[in-house]
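Have a look at the structure below before the remarks.
All of these numbers come straight from a predicted model, not from anything done at the bench.
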Amino acid sequence: MPGGVGLEEIVSVAQQRNLRLVRDVPTELGVRLGDIRLRNRLVTSSSLLGYGVANAKLVPYGMSPISQFVPLSRFGAVTTRTVTVEPREGHFTTRDVWPLHELPALLRRYGQALRQVDGGWLNAFGWCNVGIDAYLRDYYPRTREQNTIISVGGFSAEEFVTLVDKVNAAVPAGEIAAVEFNVSCHNVNFDFNQIIESVLAEAVPRSNHPVILKLSPDYDYLGHARLAARHGVSALTAINTVKGLRLDPNTGQPLLKNGFGGLSGRAIKPIGLRVVKELRDAGVTLPIIATGGIRTFDDCREYFWAGADAVSLGSAAWFTSYPGYALSPFHGARIRRLLRRIESYEPPAR
C-alpha cells in the first residue's frame, strides 16, 4: 500500500493491542474490596517473597524459589516484607545476595530466625529490612508489573506518618493495591496496644492509598477491628502469626535468637478461621483478607465460608525444608493450579 500502512504493520499493531488486552484482563476483571483493587482473591503474605524482587541472580524476583515458577503478577497482590523508617537488621540480615562460599553462614543465621516445628514454622526475623527509602528507590520501581501491597511497621504514630508520607511521595495514587499497617508483630518485642489508636488516627487520613490493618490473634482483634472501621481503614488482614516458643530439649534454651517467635503454617489454620468467623459474628463489615495455614483450594473455601473476602498464602509460598527446594517446580505447579481455581471462584454471598 504505497503511501499508506502496510498489511504487516496492521497485523503487528493488532497483535500488540491484543497482547495489551490480555495483560490488562486481570486488572479489568479483578475484584474490589471496597476501594482496594485486587487482580484476584489470592494474595501473598508479608515477608515470604521479600520485596517482590531480589538482587540475587538465581532469584530474579521475589525471595523464594516459588518466584522461578509462578509469575508474581498472577497473584491478586504481592505483600512486601514489612519496611520501617530506618533499615533494621532485626534478628537476621538486610542482605539478599550471598556468595556461595558464605552459604553456611547464611544457613546458620536462618537457623536462629526460622525453624520448622510441628505443623508449621516459627520465625523471629524481627522486621529485618532495608528501610523505606531503599525499598522505594531500589526495589519498588522493578515490581510495577505486580499489584503490590506495601507493608509498613513502626513504633509510634510519628513513624507511621513518615512511612505514609514517603509512600505518597514516591507512588502515585492507584498504582498499588494498598498499604498494610503491621501493628501486631511479636518479633520486635514491643506492645503495640499502646500506640494502635494514635497510629490509625494520625496516619490513615494522610494516606493517598487504601490502608489495611493486620490483626493479631494475641491482641484484642475485635476492638482493633472496630477502631479500624472508625478511622477509615479499608480492609483487615487476619491473622498475623501466633506468638510461640520452642526450647532445645537437651539444653532448655530457645531455638530462636529472639526466644519467642511467630508461629505460621498449618498449625494456626483453626485459629485463623476462628478469628475471621468471630469478626463477622461481631458485626465487623470491613473486607477481610484471611491468612493462616492456607495451601489448598479447600483451605481457601473454608475461609470464604467463615467470612473472608480474599485469602493470602504465607508459608505455602515458601517450602517445607531447604532440601525441599529441589521440589520447587512441583510446588509452583500446585500454586498455579490454585491460582486458576481462585481466578474463577466467587465466594458465597453473606
**Request:** Taking the side chain as every heavy atom from C-beta outward, state whether Trp305 and Leu273 have any atom pair closer than 4.5 Å.
**Result:** no
**Prompt:** Do Asp133 and Lys166 come within less than 4.5 Å of each other through their side chains, counting heavy atoms only?
**Reply:** yes
**Identified ring-ring contact (aromatic ring centres under 6.0 Å, His included) partner of Phe160 from the options Phe155, Phe192, Phe181** = Phe181
**Request:** Could you check Val117, Asn123, Thr241 and say which one makes a side-chain contact (heavy atoms from CB on, under 4.5 Å) with Leu263?
**Result:** Val117
**Item:** Test side-chain contact (heavy atoms from CB on, under 4.5 Å) applied to Thr291 and Ser46, Ser315, Ser312, Ser264, the passing residue
**Value:** Ser312
**Request:** Over all heavy atoms of both residues, which pair between Ala290 and Tyr303 is shortest? Give the atoms and the distance, please.
**Result:** CB-CD2, 3.3 Å
**Asked** If you look at every heavy atom in Asp96 and Asn55, which pair is closest and at what distance?
**Response** OD2-N, 3.3 Å
**Request:** Report the relative orientation of the aromatic rings in His186 and Tyr219; use parallel for angles under 30°, tilted for 30 to 60°, perpendicular for over 60°.
**Result:** tilted
**Message:** Regarding Ser151 and Thr79, do their side chains bring together a donor and an acceptor under 3.5 Å, going by distance alone?
**Reply:** no
**Asked** Got more than 12 heavy atoms from elsewhere within 6.0 Å of CZ, Phe330?
**Response** no
**Verify same cluster id: Leu136, Val179 (apolar side-chain graph, 4.5 Å)** = yes
**SB check Glu346 Arg41 (cutoff 4.0 Å)** = yes
